[in-house]
Each structure stands twice: as structure tokens, then as C-alpha cells.
Trainee: 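Take this structure, written in C-alpha cells, and hold onto it; I'll ask about it next.
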Amino acid sequence: MTTILASSSPRKRDPQPCLLTDRFGRRLDYLRLAVTARCNLNCRYCRPKRGDWIVAPDALQDEDIVRLARILRQLGVRKVRITGGEPLVRPGIGQLLLSLRTASGIPELYLTTNGIRLNQHLPELQAAAVDGVNVSLDTLRPDRYEWITGFAGLGRVWEGIEHAVEAGLRVKLNVVVQGGVNDDEIADFCRLTRAWPFCVRFIELMPMGPAWRANTAPVSAAEILSRIEGEFGPLSALPNEEGSTARTYRISGHAGTIGVIAAHSRTFCSQCNRLRITPDGQLRLCLYQPGGLDLRSFLRRGLDDEAIAREIQLAVRNKPRDGHAAEKQSRQASQEPMILVGG
Ligand code: SAM
């Protein structure tokens, strides 16, 4: 039994009206922008086997990315999360973040990273006034970390997390829960929130890319929550952030919070406010829908900002009602690895 706590103060009103509304009345004001498909880890469930998929060179130049962000800002996008692949392996990422901050007018800028290079790039993140980082971390055990990712890097990731918290960035840890792989660490991750002020978010494994073929037992969001409550007692549910895919809770007395993301059950689609730009420059309206609007070709063909904005406004009307409907259209999306879509 969870208790719902009173709502926190509402987000400041954005003076820029949102001009991106789909046919279900959802306002699309959050962009996940994948700046590369390359990654410095080889996570078993995420990274395609060599030769399975061609990882193209970064399709968009810095100026293309900043221009698209500026166009989307004019259309009312308020929040951008830089992702990939691993965004911190893109050459010149610090300068790109700075340009996005200064030239696109986007009010909220976040980054998702595997954390391997987080410590090294922290000064650049601070210089660009990045508002927060999500760090993907599926285990707290060094040998298991190496088994999952192919790299003995847990110490480096943890150092990055500590320093990011000390630097005052808003930090979230993303844990993809896999039955028989790391589901025995759910309680350990929860215990971290006793002293650390970050949010640990447990994510359902989606059957995408290598995970589509893998023989990993899925652990549902409901199961994750019930295991946490079994260990720590009833949780207090915190008010949902607008458009957030996570249900957030606090264990009584803990400094940090816990989130559960039903990424595969998809119980949040009716609130979805997301757009994605894939590493090859496609505008994608749903993680589970293949294809997209080819923004890169518009840039190469010399379309002006107004024409690109019009194309985007037309395209977003057709955002699928939910991930299940999108998936029905084609199985293809579920076979694509996340690094090619932008996780
Ligand atoms: N490299 C960055 C990182 O590690 O956060 C950003 C890209 S990565 C593809 C984004 C997130 O997608 C990671 O947290 C990763 O664990 C998650 N992911 C990849 N494949 C997934 C799958 N099949 N199901 C659920 N999450 C997945």
C-alpha cells in the first residue's frame, strides 16, 4: 500500500507556447537528442554484435544539432536530453553542450551517460550549466559490471557519480532490471538512497536489439515495486513530474528517491511528451515505431527553418497513441538496438 504525498511546487510556466500537439492533444515539449550511435561499452542487452548493424558516423554536425534545437525551441520544446550511443564519446561534446546552452535557447538541458567519462567531462558539463545527468548503472559489483558491459569500469563510473553529486548536478541512476542477472541487487540500490540524495530508477528491460533475442527473464515494474515494498515496507509515492515515465517513491527517512519505469509495460504513453532525434538525424515519435522524418535530408537539401518547422508540425500529428499501437505497425522497431534509436 503506497501513500501519495502532497504535490510539490508546479514547474514555472514556459513563456514559449507549445506548438507541437498531436491528434490526442498531447503537448510534445521534450526532446531526446542522440548525438552519436557509438559507445565505449558493450552491454550485452544493448550493443549489437559487430556486423549486425552498421554504426554510421555521427550524421549531424554541431551546427545542424544546434539549428534543429533552435527550431524545436521555437515550436515550444522546453527540455532537451542529450543521449546516444554514449554522448561523451562524441568529439567536442563540451563545445556542443555549450552551444546548445547559449545558442538554442532551450531552458532545460540534461545528459544521459554510462558514466565512464563523466568525471573527465564534468567541468564541461558545469560550463554549459547542464541541469542534470542520468547515469546508467546496472550493478554495484565490479565483476558483474565487467560481465554486463565488457569493461572493468565500475570504479570510474562511481567516481563520476560522486563528483557530479558534489558539483550540485541533479543525478539519477538508471538500472535496467534483468531477471537472473541483477535483480538480486534491487535492495542494495535502494539502500544507496539512505544517504545519497539521488534518484535510483529501476527500468523494465525492453525486448529491443540484442535483448529481443536474449534469454533474459523480464521483471515487471509491478514486480520490482512489490519486491521493494517487501523489503522496506510501504513506500510513499511522490507526485509525478509532468510527462515523466517514472513513478517515484521515497523510503521513509531516506535522502534520495526511487523510481520505477514501466518501459515495456508502457503504462505512461497517454502522458507522453517526447520526441527523439536518432543518431542518423531522423525525428522519431515513439521508441517503438520504426522510421521517422528525415531531418538530415531537409538540412542537406537546404530547407529553411520555417519549412523544417512546418514539416515537424505536420509529422507530430501522427504520433502513435501508444507504444503497443506503434509496435503493431511493425516488428522492426523492436529489433533495433537502443544505441541506434537514442536511449
Ligand atoms: N550511453 C548512454 C547511457 O548509457 O545512458 C545513453 C544511451 S543508452 C542506449 C540509454 C539507456 O538505454 C541505458 O540506460 C541502457 O541501459 C538502456 N537500454 C538499452 N537497451 C535497453 C533495453 N533493451 N531495455 C531497456 N533499457 C535499455
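Being a predicted model, the structure only gives us computed values, none of them experimental. Numbering of ligands and ligand atoms starts at 1, following listing order.
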Trainee: When you measure from atom 12 (O) of ligand 1 to every protein heavy atom, which one gives the shortest distance, and what is it?
Mentor: Met338 CG, 3.9 Å
Trainee: Identify the closest protein heavy atom to atom 10 (C) of ligand 1: which residue and atom is it, and at what distance?
Mentor: Gly343 CA, 3.8 Å
Trainee: Could you walk me through whether Arg227 and Asp184 pass salt bridge (Lys or Arg N to Asp or Glu O under 4.0 Å), step by step?
Mentor: CA-CA 10 Å; Arg227 288 207 209 169; Asp184 55 345; over 6 Å; no
Trainee: Which protein heavy atom lies closest to atom 15 (C) of ligand 1, and at what distance to 0.1 Å?
Mentor: Tyr45 OH, 3.9 Å
Trainee: Could you tell me whether ligand 1 has any atom less than 4.0 Å away from a heavy atom of Gly84?
Mentor: yes
Trainee: Answer yes if the side chains of Ser220 and Glu204 hold a donor-acceptor pair under 3.5 Å, and no otherwise.
Mentor: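 Distance-only check fails for Ser220 and Glu204.
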Trainee: Counting N and O atoms only, with roles assigned by atom type, does the side chain of Arg26 sit under 3.5 Å from a partner on the main chain of Cys269, one being a donor and the other an acceptor?
Mentor: yes
Trainee: Any atoms of ligand 1 less than 4.0 Å from a non-hydrogen atom of Cys46? List them with their elements.
Mentor: 9 (C), 19 (C), 20 (N)
Trainee: As a test of the contact definition, would atom 8 (S) of ligand 1 count as having a protein heavy-atom neighbour under 4.0 Å?
Mentor: no
Trainee: Just by distance, no angles: are the side chains of Arg247 and Tyr249 close enough, under 3.5 Å, to form a donor-acceptor pair?
Mentor: no
Trainee: With atom 24 (N) of ligand 1 as the reference point, say which of Arg32, Met206, Glu204 has the nearest heavy atom.
Mentor: Met206
Trainee: Looking only at protein heavy atoms, which one is nearest to atom 13 (C) of ligand 1, and what is the separation?
Mentor: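 Closest protein heavy atom to atom 13 (C) of ligand 1: Ser136 OG, 3.2 Å.
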Trainee: I need the contact type for Thr113 against ligand 1. Using non-hydrogen atoms and a strict under-4.0 Å cut-off, is it side chain, backbone, both or neither?
Mentor: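 Answer for Thr113: backbone.
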Trainee: Does any donor atom in the side chain of Thr112 or Arg81 lie under 3.5 Å from an acceptor atom in the other side chain?
Mentor: yes
Trainee: Can you tell me how far CD1 of Ile82 sits from OH of Tyr110, rounded to the nearest 0.5 angstrom?
Mentor: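 Reported to 0.5 Å precision, the distance equals 13.0 Å.
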Trainee: If the cut-off is 4.0 Å to any non-hydrogen atom of Gly85, which atoms of ligand 1 fall inside it?
Mentor: 1 (N), 2 (C), 6 (C), 7 (C)
Trainee: Can you sort out which atoms of ligand 1 are near Thr83, meaning under 4.0 Å from one of its heavy atoms?
Mentor: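 Close to Thr83: 6 (C), 7 (C).
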Trainee: Could you tell me the residue and atom name of the protein heavy atom closest to atom 17 (C) of ligand 1, and the distance to it rounded to 0.1 Å?
Mentor: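 Ranking protein heavy atoms by distance from atom 17 (C) of ligand 1, first comes Val176 CG2, 4.2 Å.
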Trainee: For ligand 1, is there an N or O atom under 3.5 Å from any N or O atom of Asp138?
Mentor: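 No, there is no polar N/O contact under 3.5 Å.
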Trainee: Hey, is Gly115 one of the residues with a heavy atom under 4.0 angstrom from ligand 1?
Mentor: no
